[in-house]
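First the structure, in the form of structure tokens, and then the observations on it.
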Protein chains: 2
Amino acid sequence: MRKTVNRTKVHIMRAAIELFSIQGFGSTSIREIAEKANVNSALISYHFKNKQGILERIMIEYFEGLFRRFDSSREGQTEEVIDYFDELMRLVKTVIGFQCEHQAVTRIIQRELSVDSMLVREVMSTYIAKLKSVFAALFEKGIQEGQFQEDLNQEMKLIHILSSIFFPYFNPQIVREVFYVDPMSEEYIEEYIDYLSKIWSYHFKKVEFC
Amino acid sequence: MRKTVNRTKVHIMRAAIELFSIQGFGSTSIREIAEKANVNSALISYHFKNKQGILERIMIEYFEGLFRRFDSSREGQTEEVIDYFDELMRLVKTVIGFQCEHQAVTRIIQRELSVDSMLVREVMSTYIAKLKSVFAALFEKGIQEGQFQEDLNQEMKLIHILSSIFFPYFNPQIVREVFYVDPMSEEYIEEYIDYLSKIWSYHFKKVEFC
DNA sequence: GTCTATATATTGATAGAC
DNA sequence: GTCTATCAATATATAGAC
């Protein structure tokens with residue numbers, strides 16, 4: 001791949017991300033994207049086939065990046081995981097951090113994931129399913145090792161965790177305009193993680209009786 | 001208002017709701033709506049001014065309906081609320097029930113609320129703010145009456161509650177295709193409410209020491 | 001309130017020169 | 001890889017008859 005190729009592709013992607021996130025996919029035209037990217041509109045068809053093609057690349061790069069992040073954050077770690085609850089919170093922190101770094105794309109993906117299409121079903125069955133299985137595997141191990149409770153409904157836990165992680169970053173405007181806090185700020189993140197940790201530690205961890 | 005007026009308006013609204021919820025607002029054209037509603041396309045401009053006008057009515061009717069439901073569900077009740085946690089869960093149940101009854105509109109609203117526009121900001125500052133204040137007032141009273149803890153961050157509680165209520169009904173597809181359960185089913189609702197109740201009761205209620 | 005007819009703009013996508 | 005030029009389809013919106 002030559003540099004010129006990437007430069008145009010990247011410019012188109014960046015412009016598309018900004019516009020999709022503000023106006024929505026359906027309300028954004030190829031011409032608008034080309035204009036914002038300072039690129040000839042014909043190049044979009046050339047590089048991405050069509051508008052849907054841009055969204056596809058945006059989604060794929062996002063999730064590939066997320067799972068790469070998972071791997072790299074596991075690198076400097078000792079083989080044996082000791083505390084599975086810590087591991088859970090580390091994972092949550094990684095996802096939230098990634099979502100903050102990619103605010104616009106996060107918003108686009110969550111929004112477009114609620115629309116019916118082939119692309120959406122594929123993303124669901126690969127990436128979201130994979131994300132779920134990462135958490136599910138963690139809980140399974142935690143239970144095996146006797147660190148986690150197994151009385152609560154496991155599926156509910158996972159749905160609940162995804163809700164908690166996704167929602168504030170899918171709709172940061174609600175958080176900002178109704179709660180007057182910025183979900184992307186360091187303070188908020190720390191406080192939110194802290195909150196979730198408190199809530200969850202009691203219900204997920206196996207209790208030592210008093 | 002005459003009957004004929006309403007019939008057309010209702011048909012247009014119904015068709016728009018179905019299309020918006022499946023394809024998204026931006027990807028749906030006035031013509032499509034008119035066709036699905038078996039109505040002349042010019043009538044949309046006549047009744048709603050433009051496409052945005054339909055969305056506006058959809059949103060307003062939804063939230064007006066929700067708050068009317070709040071009022072009516074409070075009717076047959078004794079003046080003095082005794083258990084504020086029960087009251088909280090009753091409120092949660094009401095919202096979730098309402099969301100189930102209006103699946104399509106719920107999806108549309110959550111999705112379009114993540115897009116930037118005047119309409120969205122208005123809906124946020126009126127309806128979502130009002131929804132928040134309903135929960136906030138409940139917590140305040142619960143604390144005053146010595147039934148609720150006040151150690152946890154109150155704002156986080158509210159964000160967390162809204163996340164838990166909204167997310168599964170904003171994106172039921174994730175729940176269905178990844179978790180293989182239907183968030184609209186009686187069983188799910190009961191189990192989910194039960195789960196939330198368990199999680200929250202420990203952290204929100206004032207504990208009687210063991 | 002509802003229709004036909006139409007004006008006008010914008011859409012996504014491609015063919016072919018460079 | 002990038003451009004110009006252009007197509008056919010579709011968009012929203014309105015004027016005026018009924």
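These values consider heavy atoms only, across backbone and side chains, with no hydrogens, waters or symmetry-generated copies. The structure displayed is predicted, hence computed values, not measured ones. Chain naming here is simple, since letters A, B, ... match the order of the sequence lines and numbering starts at 1 in each.
Here C:dG12 presents its C1' atom at 15 Å from CG of A:L43, a figure rounded to the nearest Å. A:I44 has its CD1 atom 14 Å from the C1' atom of C:dT14, to the nearest Å. Taking atom CD1 of A:I33 as the reference point, atom P of C:dG12 lies 8 Å away to the nearest angstrom. C:dG1 atom P lies 11 Å from atom CD1 of B:I12, rounded to whole Å. Put simply, CG on A:N38 is 15 Å from C1' on D:dC3, counting in whole angstrom units. Remark: C1' of C:dG1 and CZ of B:F48 are 13 Å apart, rounded to the nearest angstrom. Rounded to whole angstrom, the span from the CD atom of A:Q52 across to the C1' atom of C:dA13 amounts to 15 Å.
Ion pairing between a basic and an acidic side chain is recognised when a charged N comes within 4.0 Å of a carboxylate O; B:D71 and B:R74 show such pairing. A salt bridge links A:K198 to A:D194: at least one charged side-chain nitrogen sits closer than 4.0 Å to a carboxylate oxygen.
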Take B:L91 and B:F70 through the side-chain contact (heavy atoms from CB on, under 4.5 Å) test and state the conclusion after the steps.
CA-CA 8 Å; B:L91 204 57; B:F70 281 174; 4.0 Å; yes
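Counting heavy-atom neighbours within 6.0 Å of A:Q52 CD, excluding the residue itself, gives a total above 12. In A:K36, the NZ atom is not crowded: 12 or fewer heavy atoms of neighbouring residues, nucleotides or ligands sit closer than 6.0 Å.
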Which parts of nucleotides 13-18 of chain D does protein reach within less than 4.0 Å, heavy atoms only, written one letter per nucleotide 5' to 3' as B for base, S for sugar-phosphate only and - for none?
SB----
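Stems are defined here as 3 or more consecutive Watson-Crick or G-U wobble pairs with pairing distances under 3.5 Å; those involving DNA chain C are C:1-7 with D:12-18, C:9-18 with D:1-10.
A:F139 and A:F204 have perpendicular rings, their planes meeting at more than 60° on a 0 to 90° scale where under 30° would count as parallel.
Side chains of A:Q110 and A:N171: no donor on one and acceptor on the other come within 3.5 Å.
Using modelled atom types, one side-chain atom of A:Y169 and one backbone atom of A:P183 make a donor-acceptor pair closer than 3.5 Å.
Between B:S29 and D:dA11 there is a side-chain polar atom (N or O) within less than 4.0 angstrom of OP1 or OP2.
B:S27 comes within 4.0 angstrom of nothing in the nucleic acid, heavy atoms only.
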